[in-house]
Amino acid sequence: MTVQALSPFVAIRRRLHLIPEPGFQEFKTQRFLLDYIAGLPQERIEVRTWRTGVLVNVRGINPQQRLGYRADMDALPIEEDTGYDFRSTHPGYMHACGHDLHMSIGLGVLTHFANNPIRDDLTFIFQPAEEGPGGAKPMLESDELKDWMPDQIFALHIAPEYPVGTIATRPGILFANTSELFIDLKGKGGHAAYPHHANDMVIAACQLVGQLQTVISRNVNPLDSAVITIGKIEGGTKQNIIAEHARLEGTIRTLSADTMTLVKSRIEALVQGIEAGFACKAEIDYGSNYRQVFNDARVTGEFMDWVRSTQQDKIRLIECTEAMTGEDFGYFLERVPGLMFWLGVNTPTGCIIPSWSPTRTPSTLRSASCPAS
């Protein structure tokens with residue numbers, strides 16, 4: 001099926017899927033959004049840009065409040081190898097986390113209300129850099145958004161584990177607090193035959209990885225939830241050279257801000273112990289940090305009641321459990337009452353999209369995207 005034969009917003013999604021871009025480099029994506037919005041009725045629309053993001057104000061007929069919808073724009077550093085005719089044209093990047101769908105849905109909602117205005121004012125927020133280094137927090141502090149700050153805000157994230165038509169959410173915490181974790185250990189290199197003349201950072205790194213897991217098992221309340229994952233280790237240059245440098249890269253996830261503080265303090269204490277025990281120097285970088293996605297109880301309750309009352313057979317509501325995934329939409333919810341929900345996109349033809357987190361390491365994804373969406 002060609003793009004031209006598809007529903008307009010499926011076609012838009014595939015156009016966006018062709019041009020994935022990293023955070024704060026979404027130049028083609030921004031241009032596409034602006035060109036599309038320029039073709040809508042302009043009587044009640046006003047458009048602003050912030051860095052590579054786009055803000056759209058739709059004036060209501062008799063506004064009493066302002067409602068907001070946020071869609072993220074950036075892609076992941078993943079090489080797409082799906083074979084689809086709409087696969088990424090940007091080597092090393094792919095919309096593997098559904099942001100192309102989030103934008104397409106946003107444009108669909110914007111198109112409806114540009115043609116059918118409602119009572120209240122609306123703000124559509126197309127936000128860059130969700131995957132990293134984080135666009136929500138600086139966007140919230142921008143002058144461009146100040147006048148159009150919503151009184152309530154909404155966002156969604158696609159979910160391949162739920163069938164199409166499923167809406168899954170809950171009041172309270174939905175996604176975890178997250179932090180990247182980068183630890184550099186610096187010692188003294190040397191020849192493998194003379195280990196007593198060197199200071200081996202591969203050994204130090206291996207010791208530290210094991211110790212980090214004790215933070216979760218011995219410092220966090222077992223009735224709480226937290227995760228430390230070390231996903232990457234680099235060290236050394238050759239098999240017979242003792243490594244003078246090693247680097248650990250990972251992620252921290254917690255269901256409370258206080259637990260995040262606790263986990264980081266214990267990591268720092270353990271790293272200081274490694275410095276003392278191995279006579280080395282260490283540096284910690286927490287990279288991107290995202291606040292928990294905490295849904296407002298009142299707004300979420302009203303939303304869930306509305307979904308239940310729609311009486312549409314194809315829509316199914318689930319009150320889901322919290323997840324250890326991360327999303328910088330949490331910064332919006334810290335400022336403005338609102339909610340995020342999962343939107344099911346799985347179909348009989350299959351939809352494989354990986355879970356996401358901020359990452360700086362390209363990889364290859366051989367079965368990705370959602371051809372039915």
Side-chain angles (χ1 to χ4, degrees), residues 65-72 97-99 101-103 105-106 109 120-127 130-131 134-137 139-140 145 148-179 223-227 252-260 288-310 312 315-345 353 355-358:
Q65 63 177 337
R66 178 178 291 277
L67 305 176
Y69 172 85
R70 174 270 202 173
D72 35 17
C97 194
H99 296 187
L101 282 91
H102 302 168
M103 288 184 285
I105 293 167
V109 178
D120 293 319
D121 291 335
L122 305 175
T123 298
F124 289 84
I125 301 168
F126 295 92
Q127 178 217 304
E130 190 279 324
E131 301 291 352
K137 189 173 182 180
M139 194 177 215
L140 277 163
L145 182 56
W148 296 346
M149 189 69 69
D151 299 302
Q152 294 183 29
I153 192 164
F154 304 87
L156 60 85
H157 202 293
I158 62 165
E161 64 269 31
Y162 292 125
V164 168
T166 302
I167 292 173
T169 192
R170 69 189 304 272
I173 190 164
L174 184 68
F175 295 168
N177 299 271
T178 69
S179 173
L223 299 180
D224 195 357
S225 293
V227 171
I252 311 166
R253 290 153 191 265
T254 71
L255 287 183
S256 79
D258 289 344
T259 302
M260 178 64 75
S288 295
N289 290 255
Y290 290 172
R291 295 289 290 176
Q292 63 194 19
V293 173
F294 195 91
N295 288 340
D296 181 84
R298 180 184 62 81
V299 175
T300 306
E302 291 175 354
F303 173 79
M304 295 175 76
D305 288 343
W306 174 80
V307 173
R308 293 188 187 99
S309 69
T310 56
Q312 294 190 34
I315 296 179
R316 177 190 180 206
L317 176 67
I318 294 176
E319 183 165 351
C320 60
T321 59
E322 61 270 39
M324 298 302 281
T325 45
E327 240 281 4
D328 75 345
F329 184 63
Y331 287 110
F332 282 97
L333 292 179
E334 193 175 39
R335 181 85 61 90
V336 181
L339 69 99
M340 172 171 269
F341 62 90
W342 294 106
L343 179 67
V345 295
I353 300 176
S355 298
W356 71 99
S357 64

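Keep in mind that what you see is a predicted model, and the values were worked out from it rather than measured.
Here the closest heavy-atom approach between residue Asn177 and residue Met260 is recorded as O-CE, 3.6 Å. Residue Arg291 comes nearest to Ala257 through the heavy atom pair NH1-CB, 3.6 Å, listed as atom of the first residue, atom of the second, then distance. Pairing each heavy atom of His157 with each of Cys97, the nearest pair is CE1-O, 3.2 Å. The shortest heavy-atom contact between Thr254 and Ser256 is OG1-O, 2.7 Å. In plain terms, the two heavy atoms of Arg66 and Thr123 that are nearest each other are NH1-OG1, 2.9 Å. Pairing each heavy atom of Phe332 with each of Ala136, the nearest pair is CE1-CB, 3.5 Å.
In this structure the side chain of Gln152 reaches within 4.5 angstrom of the side chain of Arg298, judged on heavy atoms. Looking at heavy atoms from C-beta onward, Asn289 lies in side-chain contact with Ser179 at the 4.5 angstrom threshold. Counting heavy atoms from C-beta outward, Asp305 and Arg308 have side chains that approach closer than 4.5 Å.
For the atom pair Leu101 CG and Leu156 CG, the distance stands at 9.0 Å (nearest 0.5 Å). Put simply, OG1 on Thr300 and CG on Leu339 are 4.5 Å apart, with the number rounded to the nearest 0.5 Å. Between Tyr290 atom OH and Glu131 atom CD the span is 7.0 Å, to the nearest 0.5 Å. Atoms CD1 and CG, from Ile105 and Leu343 in turn, are 5.5 Å apart once rounded to the nearest 0.5 Å. How far CH2 of Trp342 is from CD of Glu161: 6.0 Å, rounded to the nearest 0.5 Å.
Under a 3.5 Å cut-off, the side chain of His102 and the backbone N or O of Ile158 do form a donor-acceptor pair. A donor-acceptor pair under 3.5 Å links the side-chain atoms of Arg253 to the main chain of Met324, judged by distance alone. Judged purely by atom type and a 3.5 angstrom limit, Asp296 has no side-chain atom pairing as donor or acceptor with the backbone of Gly338. Distance alone, capped at 3.5 Å, is enough to place a donor-acceptor pair between the Glu130 side chain and the Asp328 backbone.
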task = Could you please spell out the steps behind the side chain to side chain contact (heavy atoms under 4.5 Å, CB included) verdict for Met149 and Arg335?
result = CA-CA 10 Å; Met149 189 69 69; Arg335 181 85 61 90; 3.9 Å; yes

message = Let's go through Leu333 and Phe294 carefully: what are the C-alpha distance in whole Å and the side-chain angles of both, what is the deciding distance for side chain to side chain contact (heavy atoms under 4.5 Å, CB included) to 0.1 Å, and is it a yes or a no?
response = CA-CA 6 Å; Leu333 292 179; Phe294 195 91; 5.5 Å; no

request  = Begin from the C-alpha positions of Leu317 and Thr310 and carry the test side chain to side chain contact (heavy atoms under 4.5 Å, CB included) through to its verdict.
outcome  = CA-CA 11 Å; Leu317 176 67; Thr310 56; over 6 Å; no

request  = Show the numbers, then the answer: is there a side chain to side chain contact (heavy atoms under 4.5 Å, CB included) between Phe329 and Ile153?
outcome  = CA-CA 10 Å; Phe329 184 63; Ile153 192 164; 3.9 Å; yes

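Side-chain contact of Gln127 with Asp72: a donor-acceptor pair under 3.5 Å is absent, judged by distance alone.
Contacts of Arg316 classified as side-chain hydrogen bond (donor to acceptor under 3.5 Å, both in side chains), with partners at least two apart in sequence or in another chain: none.
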Please tabulate, for side-chain N and O atoms in residues 165-175, each donor-acceptor pair with protein atoms closer than 3.5 Å (sequence neighbours left out).
| from | atom 1 | to | atom 2 | distance (Å) |
| --- | --- | --- | --- | --- |
| Thr166 | OG1 | Pro163 | O | 2.9 |
| Thr169 | OG1 | Asn295 | ND2 | 3.0 |
| Thr169 | OG1 | Met340 | O | 2.8 |
| Arg170 | NE | Cys320 | O | 3.3 |
| Arg170 | NH1 | Ile173 | O | 2.6 |

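Taking the six-membered ring where tryptophan is involved, the planes of Phe303 and Phe154 are tilted, since the angle between them lies from 30° to 60°. In this structure, Phe124 and Tyr69 have tilted ring planes: the angle between them lies in the 30° to 60° band.
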